[in-house]
Each structure stands twice: as structure tokens, then as C-alpha cells.
Visitor: 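Dropping the structure in here first, questions after.
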Number of protein chains: 2
Amino acid sequence: MNSKKMMTLAEIAKLAGVSESTASRALRDNPVINQQTRQKVQAIAAEHQFKVNATARNLRTQKSYTIAVIIAFDPKTQQAVSDPFLLELLGVIADELSRHGYDMLLSTSKTADKNWGHYYLDAKRADGLIIIGQGEHDPRIDALSQTKVPFVVWGGSNGEENYPVIGSDNRQGGRLAAEHLLSQGCRQLVFLGDIRHNEIEQRHLGMLDACQASGFASDAVQQLTCDFTAQAGYLQTQQHLFARLPELDGIFAASDAIAMGAMKALLEHNIAIPQQVALIGFDDIAMSAYCTPSLSTVKQNTQSGGKALVSQLLARMRGQQPLSEQLAVKLLCRQSSLRRL
Amino acid sequence: MNSKKMMTLAEIAKLAGVSESTASRALRDNPVINQQTRQKVQAIAAEHQFKVNATARNLRTQKSYTIAVIIAFDPKTQQAVSDPFLLELLGVIADELSRHGYDMLLSTSKTADKNWGHYYLDAKRADGLIIIGQGEHDPRIDALSQTKVPFVVWGGSNGEENYPVIGSDNRQGGRLAAEHLLSQGCRQLVFLGDIRHNEIEQRHLGMLDACQASGFASDAVQQLTCDFTAQAGYLQTQQHLFARLPELDGIFAASDAIAMGAMKALLEHNIAIPQQVALIGFDDIAMSAYCTPSLSTVKQNTQSGGKALVSQLLARMRGQQPLSEQLAVKLLCRQSSLRRL
DNA sequence: AGCGATACTGCAATCGATTGCAATAACTTA
DNA sequence: TAAGTTATTGCAATCGATTGCAGTATCGCT
């Protein structure tokens with residue numbers, strides 16, 4: 001006989017001839033319960049496919065074993081969720097959370113209440129928050145940090161946040177990218193990205209670092225604001241960069257998607273990549289190795305990123321002081337920037 | 001004075017000088033409560049940032065206002081979560097659910113218990129299930145359909161499922177793609193994809209439909225199994241398709257990612273696209289318009305897909321009979337297949 | 001004044017599991 | 001044999017909100 005109806009702990013207890021308390025303890029492997037009793041209860045529970053009612057347990061224990069992941073959307077482009085990079089990160093987080101026994105509640109900031117944070121935490125829907133992307137300096141995050149809500153953020157750090165930020169070492173990534181372009185002989189560089197985003201700003205700063213270290217005048221680097229899409233990269237390149245040719249000879253795009261848009265525009269205009277203009281992106285999304293020419297990029301480590309987010313959050317929930325982390329990035333030189341083979 | 005401590009309904013009631021029952025009704029806008037009382041309670045609740053404890057409400061009402069979304073993973077490639085197409089779909093689902101007042105619990109089948117379904121529903125973690133991708137005919141889905149669990153599936157239908165399936169009209173998509181290739185003069189076609197997946201099989205069948213309708217011998221179409229990644233597309237093309245040149249003159253890839261891999265291999269081999277080999281994909285992911293040559297494809301409508309999934313599931317939860325749906329697809333002709341401009 | 005109708009409000013049970021504390025049984029040890 | 005342990009188990013309160021039903025005013029109308 002299987003689950004004709006929904007089983008409750010009370011029914012299991014009755015079937016086993018014990019009290020609810022005993023049944024509960026038996027199922028949780030509480031050692032204070034007699035070995036035989038325990039096994040009997042567990043056997044009966046298994047036989048009837050009994051699953052503890054999570055809601056009831058959560059109410060009683062005042063925990064939800066759930067973490068809310070909030071993807072901060074750029075309301076203009078709605079880019080976030082369709083960015084391949086974020087999806088990868090999300091997958092890693094999902095796995096990590098379930099490895100630790102937590103469920104994952106997903107929401108987009110577009111979707112969520114104006115004050116997510118409260119929506120999830122005050123209503124005890126979730127025990128903690130992972131916020132992906134600060135966007136253009138979101139004041140709600142600062143507000144959250146004034147409370148005792150346990151949360152961590154994926155994004156860029158300028159060292160001034162009073163909340164834990166996990167992210168790639170974007171500045172170092174920017175340096176690596178720029179150094180590489182310079183090493184390939186580029187002398188007039190463009191940064192394509194929106195530096196109002198913290199992460200992007202760091203990448204840009206890293207680029208400036210590298211140029212200064214190499215003794216280039218600061219006007220050797222120009223910055224052009226650009227949304228996170230291939231389309232934006234394409235349009236910006238068409239509209240603003242062709243005019244700067246032929247002096248312009250190197251482009252560092254803030255993301256691979258942008259870079260692929262730029263690449264399209266350049267190729268349509270018959271600009272040789274990398275000979276006339278060298279191009280490098282950021283992220284290492286799956287496609288970047290498969291466009292033509294293949295796209296050089298700075299690879300973010302989603303695996304360790306997701307793991308760090310989860311472990312820092314859980315640490316914070318245990319009352320420990322969480323630390324911001326900057327994850328190492330890796331330069332991948334492919335055809336779009338390698339001039340001498 | 002704000003939320004120094006966690007507020008409960010009882011405290012709000014006390015502050016308002018009413019009973020818990022009245023407070024509860026007032027907050028839910030129950031018209032039986034006096035207008036003034038209602039407003040007073042609501043004002044006090046707002047002032048103290050009171051949020052109903054979702055766990056307690058869920059326990060009492062026996063609902064969770066949560067839908068679990070399960071992404072069926074291909075254990076070999078782990079492709080699912082990083083497929084840009086699925087991410088888009090996920091975003092739409094998230095928005096739709098929250099529009100209807102539901103939270104979204106996300107899990108991958110890799111992650112979830114062997115018997116997801118029971119994990120979520122028996123434990124009352126979720127009120128319903130959206131399963132994305134049947135994979136290679138997952139027996140667990142059949143098993144689920146024997147129970148009264150409310151769920152819907154995104155995937156391919158062969159008309160024989162005894163559960164509701166929402167998905168693109170893959171067969172029609174296959175027809176469109178093949179007809180297009182034939183119209184461009186292609187005479188030896190290859191289908192690149194794993195037909196053990198229901199959706200992919202339908203696309204393949206559609207391709208055969210078109211060829212038969214045009215009077216081609218069935219051996220004019222060859223099928224080559226290929227995982228869902230660009231890498232797989234690249235490798236399969238390299239290893240198996242070069243041998244079939246120059247007869248082979250048209251490739252229909254089961255996804256854009258595969259197509260982009262194939263494109264890379266062809267270009268490296270100096271095959272002219274579309275002159276020597278015309279290429280078309282499926283999905284219309286963001287990148288497909290931005291590779292060079294731009295990729296022709298069959299566009300799936302994620303927007304209406306996500307909406308249909310949610311509305312059918314909710315209908316089923318209300319006890320209505322849900323229907324399988326096949327969503328219209330749209331052929332997008334870009335450079336990779338357009339021979340005469 | 002009397003009586004039913006109407007409009008609110010509150011009591012108390014309930015959802016299903018967890019857990020502090022008390023109770024009982026069994027077993028030692030002096 | 002009595003007192004003291006130790007091993008198990010059960011009672012009952014609790015988590016926080018919802019809701020059926022009963023209770024109390026207030027009002028209208030004859």
C-alpha cells in the first residue's frame with residue numbers, strides 16, 4: 001500500500017505504536033532513541049514514502065533552509081538573465097546550495113518587490129540572500145547592510161563596501177587584457193563598457209593601470225559607454241569607432257557579448273582582426289572560442305565563484321565574519337588579439 | 001521606531017488593540033472588517049514593516065505559493081544550465097510566476113533528489129512543478145504522471161505523452177529549416193543532433209517531411225548524433241563531415257550552439273558558407289545574429305513559451321484539464337544559408 | 001418596547017513537526 | 001532491599017497565522 005493520502009508524522013507514529021515525539025526523534029536519528037525503535041519507525045516511514053512536511057518543520061525550527069538568489073537586472077537592457085556567464089554561475093550556486101541541504105529561491109530584481117531583502121527575509125521565506133550584480137551602485141544594498149540580514153554580493157569591489165563582495169579580480173583582469181593588447185603592438189586603445197557598473201569600472205581602471213605602467217599617455221585610452229549586449233557592442237562600434245580608425249588599433253570589451261557585437265561590426269567594415277584592430281573580451285562564455293576569429297578574453301572562474309558565494313554566506317549565517325574575496329582571473333589569448341603567431 | 005525585532009501578527013494586533021483574528025482579516029482586506037479598523041491595522045503594520053510569516057501562513061493554508069522549476073540535465077554534458085536559450089526561458093517563467101504571486105524554486109535534476117517530484121511536493125515545498133527538458137525520455141516523468149502531482153513539461157511532444165507538454169512546434173521548425181535549405185539549392189543534407197531527445201527527434205522528422213515532400217530520396221539526408229554544445233558541433237563536423245564534402249552542401253544543426261561549432265570547423269577548413277555549405281541552427285540565441293556569417297535559425301518564442309507553461313500549470317492546479325501546446329516557430333534567414341541575396 | 005437583521009469582533013481550534021521536561025522502566029551498587 | 005543511575009519514551013507547549021462559529025452591539029422598524 002502506498003501513499004493514497006498524504007502521510008503525517010502522527011500517522012507514522014500511530015502505525016509504529018509510538019508517540020509523535022519518538023517518531024520525530026527516530027527519523028532525525030536522535031541517538032537517545034532506542035536502536036530498534038528507530039529502525040522500525042524509519043522502516044515504516046520509508047514504506048509509506050513519508051516526507052517531513054517542510055513547512056511545519058520550518059515554522060517550528062524558525063529556519064527555511066532556503067537561500068534566495070536575486071539577479072539584479074539592468075532595467076534598460078534586461079540583460080542579466082540572458083547573459084550566459086550568469087547562467088553558469090547560477091548553476092554552480094544551485095549545486096553548492098543543494099550540497100549543503102539548501103533550496104534555492106530564484107528571483108530577478110525586476111520581478112521582486114521593491115524591497116526584496118525584506119520580502120524574503122522578514123517573511124522568513126529564506127535564511128539568506130545572494131545578490132548577483134550590484135548594477136549601478138544599488139542603494140538598496142547599502143540599506144541592507146545596515147540590517148542584520150545575512151547576504152553576500154557577487155560583483156566588483158572598490159574596497160569601500162561595508163558588506164561582503166565576492167567577485168573576480170576585475171582590476172587585475174583589466175590589467176592583463178591591456179598589457180596583452182599593448183604587447184601586441186596596440187597603441188590606441190578603446191574600452192567598451194559601462195563604467196557606472198562597479199565591476200566594469202574596475203576592469204577599466206586595470207586597463208589604465210597597465211597603460212600607465214607602460215608609460216602611455218592617458219589619452220591613449222578612450223572609454224565608450226556600452227550596455228551588456230552584443231547589439232550594443234555592434235552599434236557603438238559602428239557609430240563611434242569607425243571614425244577613430246585607423247589610429248584606433250585595440251579594443252577591450254567589458255564582456256564577451258559586447259566583444260562579439262564589436263567583432264561583427266568590424267568584420268562587416270572589412271577591418272582585419274587582429275591585424276588592424278586587436279580585440280579582447282571578458283568572461284569566456286562558451287561561444288567565445290567558436291566565433292571567427294576566436295575571441296581572446298579574460299576568463300572568470302565561475303566554479304570557485306559560486307562556491308565562495310555559498311560558503312561565505314553560510315559562514316555569515318553561522319555568525320562568522322565573512323570576507324570579501326577577489327578571485328583570480330586568467331588571460332586566454334585567441335585569434336582576435338594574437339598578432340604574431 | 002522600526003523593526004528592532006521581528007514583528008508577529010500578535011504584536012500588531014496588540015498595538016492596534018484588536019484580536020489576532022481581526023488583525024489577520026484586516027491585513028487580508030477582508031471586507032467583513034470595519035473600514036476604520038482595517039486601515040488602522042494596516043497603518044500600524046506598515047509602520048512596523050510587518051510582513052506575514054510565509055511559513056506560518058503556508059502551514060495553515062496548506063499551500064506554499066511556490067513552484068519548483070527543474071532543469072533536466074544531460075549528465076554527460078551538463079549542458080542544460082549553460083544553454084542560453086534555457087536561461088531566457090527561465091527568465092520569462094520567473095517573471096510570470098511572480099506576476100501570479102508565486103515564488104520560484106530552482107533546481108537541476110543533477111542537484112535534486114533522485115525522486116524530485118516527491119522531494120518538492122510531498123514535503124509541501126512547492127505546489128507544482130515545471131520540468132524543463134525531458135532529456136532522453138525520462139521514466140521519472142512517466143511515473144509522475146501516474147500521480148496527482150500538478151506538473152507541466154517543456155519539451156517535445158510526439159502526441160503520446162499522458163501529461164501536458166508545452167514546447168515549440170519542433171517538427172514544423174524542422175520542416176521550415178529543411179525547406180529553406182532545399183530552396184537554396186542544397187541537395188545533400190546533414191542533421192546534426194541527438195535524436196534520442198524528443199524535441200530533437202521532432203526537428204529531424206520535420207526535416208524528413210520536407211525532403212519527402214520535395215521528392216528527395218531518403219538517403220539525401222543523413223543524421224549525425226551530436227551533444228548540445230558548440231564543442232560537440234565543432235568536433236563532429238571535423239571528424240565526420242569533411243569526408244562527405246563536396247557532396248554535402250547543407251547542415252541543419254539542432255541548436256545554435258551546435259551550429260556555431262560547426263561553423264567554426266567549416267571556416268577553419270576554408271569552406272565557404274553558405275556557397276559551399278549552407279548552415280542553419282535552432283533557437284535564435286542572442287549570439288546567432290552576431291557571428292560571421294550571421295547564423296540562420298529557427299526562432300523559438302520564449303516569451304509565449306514561459307507564459308504558456310505557467311498558465312497551464314496554474315490551470316492544472318485549479319483542477320482544470322491542461323492542454324499540451326505547440327508554439328509557432330519562425331524561420332530567420334541570415335547569411336549562413338542565404339545563397340542568392 | 002420588542003424582535004430580527006446587520007455589522008463587527010474575538011475565541012479557540014488547527015496546520016504538522018520539534019523539543020524541554022517529566023515520567024517510567026530497567027539496571028546498578030551498596 | 002533501598003537508593004541512585006541510566007536508558008527510553010511521552011506529554012504538552014510552541015512556532016505564527018488563518019478561519020469556522022459564536023457572541024455582542026447597533027440599528028431599523030413595527
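Values below: every heavy atom of this structure, side chains too, minus hydrogens, waters and symmetry copies. Remember, it's a predicted structure, so these values are computed and weren't measured experimentally.
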Visitor: Can you list everything that forms a side chain to side chain contact (heavy atoms under 4.5 Å, CB included) with A143(A)? Sequence neighbours excluded, please.
Guide: none
Visitor: Whole angstroms only, please: what is the NZ-P distance between K51(A) and dG16(C)?
Guide: 17 Å
Visitor: Counting only heavy atoms not in Q36(B), do more than 12 fall under 6.0 Å of its CD?
Guide: no
Visitor: Does any pair with a residue in residues 57-68 of chain A pass side chain to side chain donor-acceptor pair (under 3.5 Å), and if so which ones, sequence neighbours excluded?
Guide: S64(A)-D127(A)
Visitor: Mind checking side chain to side chain contact (heavy atoms under 4.5 Å, CB included) for E325(A) and listing every partner two or more places apart, or none if nothing turns up?
Guide: I166(A), A308(A), Q312(A), L327(A)
Visitor: With sequence neighbours left out, write down each residue that passes side-chain hydrogen bond (donor to acceptor under 3.5 Å, both in side chains) with Q326(B), or none if nothing qualifies.
Guide: none
Visitor: Take atom CG of N53(B) and atom P of dA17(C), then tell me their distance rounded to the nearest Å.
Guide: 17 Å
Visitor: Should the pair F85(A) and W154(A) be assigned to parallel (<30°), tilted (30 to 60°) or perpendicular (>60°) ring geometry?
Guide: tilted
Visitor: For the residue pair Y163(A) and S324(A), confirm or rule out a side-chain donor-acceptor distance under 3.5 Å.
Guide: no
Visitor: Can you pull out how bent the helix from dA1(C)-dT30(D) to dA30(C)-dT1(D) is, comparing the axes over its first five and last five pairs, to 10°?
Guide: 60°
Visitor: Please list, chain by chain and in numerical order, all residues satisfying side chain to side chain contact (heavy atoms under 4.5 Å, CB included) with L15(A), sequence neighbours excluded.
Guide: I44(A), H48(A)
Visitor: Nearest whole angstrom, please: distance from the P of dA17(C) to the CG of N58(A).
Guide: 12 Å
Visitor: Listed in order of residue number, which residues of residues 26-38 of chain B have a non-hydrogen atom at under 4.0 Å from DNA chain D?
Guide: R28(B)
Visitor: Reckon S19(B) has a side-chain N or O less than 4.0 Å from the OP1 or OP2 of dG10(C)?
Guide: yes
Visitor: Can you tell me how far P of dT18(D) sits from CG of L59(B), to the nearest Å?
Guide: 11 Å
Visitor: Do the side chains of I71(B) and L90(B) get nearer than 4.5 Å, heavy atoms only?
Guide: yes
Visitor: Counting just side-chain N and O atoms, does S24(B) come under 4.0 Å of either OP1 or OP2 of dA17(D)?
Guide: no
Visitor: Under 3.5 Å, is there a donor-acceptor pair between the Q42(B) and D29(B) side chains?
Guide: yes
Visitor: Is there a side-chain polar atom (N or O) of T8(A) under 4.0 Å from OP1 or OP2 of dG16(C)?
Guide: no
Visitor: For the side chain of A56(B), counting heavy atoms from C-beta on, which of dG10(D), dG16(C), dA17(D) is nearest?
Guide: dA17(D)
Visitor: Nearest to the side chain of R25(B), heavy atoms from C-beta on, is which of dA17(D), dT19(D), dG10(D)?
Guide: dT19(D)
Visitor: Verify the neighbour count for atom CD of Q321(B): are there more than 12 heavy atoms of other residues, nucleotides or ligands below 6.0 Å?
Guide: no
Visitor: Between the protein and nucleotides 12-14 of chain C, list the N/O to N/O atom pairs that are separated by less than 3.5 angstrom.
Guide:
from    : atom 1 : to     : atom 2 : distance (Å)
dT14(C) : O2     : R60(B) : NH1    : 2.9

Visitor: List, with names and distances, any nitrogen or oxygen atoms from the protein found under 3.5 Å away from nitrogen or oxygen atoms belonging to nucleotides 24-28 of chain D.
Guide:
none

Visitor: Separation of D122(B) atom CG from dG16(C) atom P, in whole Å?
Guide: 13 Å
Visitor: For F50(A), which residues count as a ring-ring contact (aromatic ring centres under 6.0 Å, His included) partner, sequence neighbours excluded?
Guide: none
Visitor: Can you measure E11(A) atom CD to dC15(C) atom P for me and round it to whole angstrom units?
Guide: 11 Å
Visitor: Write down the distance between CD (Q62(A)) and C1' (dT18(C)), rounded to a whole number of angstrom.
Guide: 11 Å
Visitor: Just grab all the side chain to side chain donor-acceptor pair (under 3.5 Å) pairs involving residues 12-28 of chain A, residues at least two apart or on different chains.
Guide: S19(A)-S21(A), S19(A)-T22(A)
Visitor: Using atom CZ of R57(B) as one end and atom C1' of dA17(D) as the other, report the distance to the nearest whole Å.
Guide: 8 Å
Visitor: Using side chain to side chain contact (heavy atoms under 4.5 Å, CB included) as the criterion, list what pairs up with Q303(B), not counting sequence neighbours.
Guide: V92(B), N301(B), K307(B)
Visitor: Mapping T61(B) and A23(B) to their closest nucleotides on DNA chain C, which lands nearer the 5' end?
Guide: A23(B)
